[in-house]
Amino acid sequence: MALDEQRPTWDEYFLMLAKLAATRSTCLAFPVGAVIVKNKQVVATGYNGSPSGSAHCTTQGYCYPGLSSCDASKTLPSRAVHAEANAIAQAAKYGISTEGASIYVTLEPCLSCLKLIISAGIKEVFYETSFNSGEKALVRDSFVNEGLVILKPVQLSEATAKRAASFILLSTSVASYDIVNNS
């Protein structure tokens, strides 16, 4: 297999970056990562967790006293700022336009985040895992049908995932002679 054939697609590459961002999540229920991309360049990243300056759920070991995670309650709202909102906030904080950008997320955006994404001018959403169903899916689909946003599921190929894992586990800043000749 030629080395060029081993390279991840752009969608796989940006999804992997979103998955790495998710490793920073401080949410006990859903570790989610997001990457905003414009012209094949990362402009902002985000992950879900408690608001900046607030105690992390992972540090406390709970979201609310007596609740192991926010999704354990039917009435209390999540303490987490969602990954998509954090990525958009990071872009805004540093004066980076998201108009015409794409966002890669590990979990399909909830309706609140999808509305925020649309309002931020982000045109495409690439996601790994579906989230919305029932009436929420109807609302999501209405935004898609109105042409406000494009939603695309994306998955990593097994070969790409295995190759990425080897890059994470092994040193990559060494001569690549063995990698080139053993492929």
For the student: nearest non-hydrogen atoms of [X] and [Y], plus distance:
| X | Y | result |
| --- | --- | --- |
| Gln155 | Glu12 | O-CG, 4.0 Å |
| Ala85 | Cys113 | N-SG, 4.4 Å |
| Gly46 | Ala21 | O-CB, 3.8 Å |
| Thr160 | Pro8 | CG2-CB, 3.7 Å |
| Ala22 | Gly33 | CB-N, 3.4 Å |
| Ala161 | Leu156 | CB-CD1, 4.4 Å |

(request) Kindly indicate whether the side chain of Leu107, heavy atoms from C-beta on, has any atom under 4.5 Å from the side chain of Phe30. (result) yes
(message) When you compare the side chain of Phe131 with that of Pro109, does any pair of heavy atoms fall below 4.5 Å?
(response) no
(message) Salt bridge or not between Glu108 and Arg140? Use side-chain N to carboxylate O under 4.0 Å.
(response) yes
(request) Give the ring-plane orientation class for Tyr13 versus Trp10, where under 30° counts as parallel, over 60° as perpendicular and anything between as tilted. (result)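 The rings of Tyr13 and Trp10 stand perpendicular, inter-plane angle above 60°.
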(request) Establish whether Val42 and Phe126 are linked, either directly or via other cluster members, by ILVMFWY side-chain heavy-atom contacts under 4.5 Å. (result) yes
List for me each residue that meets side-chain hydrogen bond (donor to acceptor under 3.5 Å, both in side chains) alongside [X], sequence neighbours excluded, and say none if there are none.
| X | value |
| --- | --- |
| Thr129 | none |
| Glu158 | Lys162 |
| Glu128 | Lys19 |
| Lys123 | none |

(request) Give the other cluster members for Ile103, using side-chain heavy-atom distances under 4.5 Å between Ile, Leu, Val, Met, Phe, Trp and Tyr residues; answer none if it is isolated. (result)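 Listed partners: Ile36, Val43, Ile88, Tyr94, Ile96, Val105, Leu111, Leu114, Leu116, Ile117, Ile118, Ile122, Val125, Tyr127, Val139, Phe143, Val144, Leu148, Val149, Leu151.
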(request) With rounding to the nearest 0.5 Å, note down the distance linking NE2 in His56 to OG in Ser25. (result) 10.0 Å
(request) Nearest 0.5 Å please: distance from the CG atom of Asn48 over to the CZ atom of Arg79. (result) 12.5 Å
Could you tell me whether the side chain of [X] and the main chain of [Y] form a donor-acceptor pair under 3.5 Å?
| X | Y | value |
| --- | --- | --- |
| Asp11 | Val154 | no |
| Ser119 | Lys115 | yes |
| Gln41 | Lys38 | no |

(request) Test side-chain contact (heavy atoms from CB on, under 4.5 Å) on Val37 and Tyr104 and set out the steps. (result) CA-CA 8 Å; Val37 175; Tyr104 289 78; 3.9 Å; yes
(request) Output, in order, the C-alpha distance, side-chain angles, deciding distance and verdict of side-chain contact (heavy atoms from CB on, under 4.5 Å) for Thr26 and Ser50. (result) CA-CA 7 Å; Thr26 63; Ser50 52; 4.2 Å; yes
(message) Considering only residues two or more places apart or on different chains, which pairs with a residue in residues 141-154 satisfy side chain to side chain donor-acceptor pair (under 3.5 Å)?
(response) Glu124-Lys152
(request) Determine whether the side chains of Thr45 and Gln90 contain a donor N or O and an acceptor N or O closer than 3.5 Å. (result)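 Side chains of Thr45 and Gln90: no pair found under 3.5 Å.
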